[in-house]
Number of protein chains: 2
Amino acid sequence: MDDDPRVRTWAPACRAVAALLGPYAEVVLHDPGTDRIMAVWNPMSTRGPGDPSLLGELDALDPSAPDVFGPYEKLLADGRRLSSVSAILRDADGRPSAVLCVNLDRTPLEQAAAVLSAFGAPTASRPEPLFEHDWNERVQHVVGSYVRECGRPVERLTRADRLAVLGRLEEAGVFAVRRATPVVARALAVSRSTVYGLLAELRAPNTKDHAR
Amino acid sequence: MDDDPRVRTWAPACRAVAALLGPYAEVVLHDPGTDRIMAVWNPMSTRGPGDPSLLGELDALDPSAPDVFGPYEKLLADGRRLSSVSAILRDADGRPSAVLCVNLDRTPLEQAAAVLSAFGAPTASRPEPLFEHDWNERVQHVVGSYVRECGRPVERLTRADRLAVLGRLEEAGVFAVRRATPVVARALAVSRSTVYGLLAELRAPNTKDHAR
DNA sequence: TCCAAACTGGACATAGAGTCCGGCCATGGA
DNA sequence: TCCATGGCCGGACTCTATGTCCAGTTTGGA
């Protein structure tokens, strides 16, 4: 399919964008006739050439629609948020030749933004923590920091990750607070049972060594 | 110049990229024949259509070079650093039709990174202000201070005194901690019942105003 | 595709939190 | 001296939160 003249035509532009945006952007060329993917650069999902386009990316084919569509937000199955644009690419005669779709993963940027906003006045201005009325917030902060560190959203954390987070929370004394466990469970997107299970494992004088 | 068929051909793709990357990316279409700019989206410099390409962006025209060039770093006059890619776009016959150049301003990201690393250590290394594992001690402290203030030993405190102390403890969030009440009771040399009684009175939306 | 490990949601047992109440003791007025 | 009163005590009691357990389901790998 690489020898499709349309792919040959548009590939350089696609490769350029894919190269510029590194691993955070996926560039897809759709065939507007067959509604299938002609080529993909930096695939983020498992779709490949020949697969149906799905996703309604081709809505833009509506003749009354503008040639460039977006940016709009798309959600991946694993929770990543994408900023997407589509463009109808035309041949010399003005007929649709391909549909270009660029999907930019904004998760890393949003994580960075989250870190940024996590700092700011609060850190400095926290005069006397008093007793952390907002231990709640602290839980979010610990979880959030960890997520940012390892670059995975909460839902994608591994068992080991969760153990590590719980370790930090435990160390921070969070579980000495009333009603803390359910809050932690929610923050970790996990059930109360699981929290107790992991906690037991963590507290056991046993086997595994836990990273902090 | 907008009616140049080459611009018509490539514009949608350019607009799409420009739209996706917002104000941080400049998309330029060069005419490889005249070494001039055909079109610009999100211009970051003052260059416009018809201006000479300058910048050696067209080095890529070397026939032995690959069609996609970069990303490489460029420096703007005002100090901004760009990540750039260029791509040679060809017509149906394989002849160079235009040179696409996308310049991504990495300054905002680098600033963010700088902030991040400046604060970096703190985030990770925050040894954990602990969670006042010694809230216990804090209780003693509050009670002790009060006793010193009014010069009466704990056993001689009046009802009002006790209310005041409980007010402070409450405000400090002590009662959000598990098992705190009995500790407080002991610190006040008073029974658990009494603490709950006073606390109820304190929390009631009622009568007396309590000094803090 | 299949399996084992991991997670879930709910049932359950128990501890802790908070309420109530009868009785005790100190104070103060007659 | 005696009683009335207000406040505290301690223990019984209820209800909520905590922690455990288990069977059923999901999920990530081989």
Side-chain angles (χ1 to χ4, degrees), chain A residues 44-46 76-80 131 133 135-136 139 143 146-147 150-167 169-170 172-208 210-211, chain B residues 131 135-136 139 143 146-147 150 152-167 169-208 210:
Chain A
M44 293 200 298
S45 48
T46 57
L76 239 46
D78 62 6
R80 282 182 292 178
F131 193 53
H133 260 132
W135 55 275
N136 209 307
V139 170
V143 175
Y146 190 95
V147 163
C150 71
R152 247 170 323 216
V154 159
E155 312 84 33
R156 298 246 132 200
L157 290 182
T158 74
R159 180 186 179 75
D161 289 332
R162 289 196 257 268
L163 276 172
V165 174
L166 286 181
L169 290 171
E170 165 104 308
V174 165
F175 296 103
V177 174
R178 308 181 55 188
R179 256 151 287 172
T181 313
V183 172
V184 170
R186 236 170 298 128
L188 235 32
V190 119
S191 78
R192 213 169 56 90
S193 309
T194 302
V195 170
Y196 283 119
L198 296 173
L199 229 35
E201 180 170 337
L202 196 59
R203 286 164 177 167
N206 68 351
T207 51
K208 291 279 185 169
H210 323 290
Chain B
F131 189 51
W135 54 275
N136 213 308
V139 171
V143 175
Y146 191 95
V147 164
C150 71
R152 254 174 317 228
V154 169
E155 311 82 33
R156 301 268 148 113
L157 290 183
T158 76
R159 180 184 179 75
D161 289 332
R162 290 196 255 269
L163 275 173
V165 175
L166 285 181
L169 289 171
E170 165 105 305
E171 202 166 346
V174 165
F175 296 104
V177 174
R178 312 182 57 185
R179 253 153 287 170
T181 314
V183 172
V184 170
R186 234 169 300 130
L188 274 179
V190 122
S191 80
R192 214 168 55 92
S193 313
T194 303
V195 171
Y196 282 119
L198 296 173
L199 230 33
E201 181 170 335
L202 195 60
R203 287 164 178 167
N206 69 350
T207 54
K208 292 279 187 165
H210 321 289

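Just so it is clear: chains get the letters A, B, ... in the order the sequence lines come, proteins before strands, and each one is counted from 1. Note that the structure is predicted; figures quoted are calculated from it, not measured.
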Can you tell me the distance, in whole Å, between the [atom1] atom of [X] and the [atom2] atom of [N]?
{"X": "A:Glu201", "N": "D:dG19", "atom1": "CD", "atom2": "P", "value": "17 Å"}
{"X": "B:Arg156", "N": "D:dG7", "atom1": "CZ", "atom2": "P", "value": "19 Å"}
{"X": "B:Glu155", "N": "D:dC8", "atom1": "CD", "atom2": "C1'", "value": "15 Å"}
{"X": "A:Leu199", "N": "C:dC7", "atom1": "CG", "atom2": "C1'", "value": "16 Å"}

Would you indicate whether the side-chain heavy atoms of [Y] and [X] approach each other to under 4.5 Å?
{"X": "A:Arg179", "Y": "A:Val183", "value": "no"}
{"X": "A:Arg162", "Y": "A:Val195", "value": "no"}
{"X": "B:Leu166", "Y": "B:Leu188", "value": "yes"}
{"X": "B:Thr158", "Y": "B:Arg152", "value": "yes"}

- Want to settle it: does B:Thr194 or A:Phe175 sit nearer the 5' end of DNA chain D, counting the closest nucleotide to each? B:Thr194

- Nearest-nucleotide pick for A:Arg159, side chain only, options being C:dA6, D:dC21, D:dC9: C:dA6

- Side chain of A:Pro182: nearest nucleotide among D:dT18, C:dC7, D:dC8? D:dT18

- If you pin A:Ser191 and A:Arg179 to their nearest nucleotides in DNA chain C, which one's is more 5'? A:Ser191

Side-chain N or O of [X] versus OP1/OP2 of [N]: is the shortest distance under 4.0 Å?
{"X": "B:Arg162", "N": "D:dG7", "result": "no"}
{"X": "A:Tyr196", "N": "D:dG19", "result": "yes"}
{"X": "B:Arg178", "N": "D:dG19", "result": "yes"}
{"X": "B:Thr181", "N": "C:dA17", "result": "no"}

- Query: Does any N or O donor sit under 3.5 Å from an N or O acceptor when you compare the side chain of B:Arg192 with the base of C:dG18?
  - Reply: yes

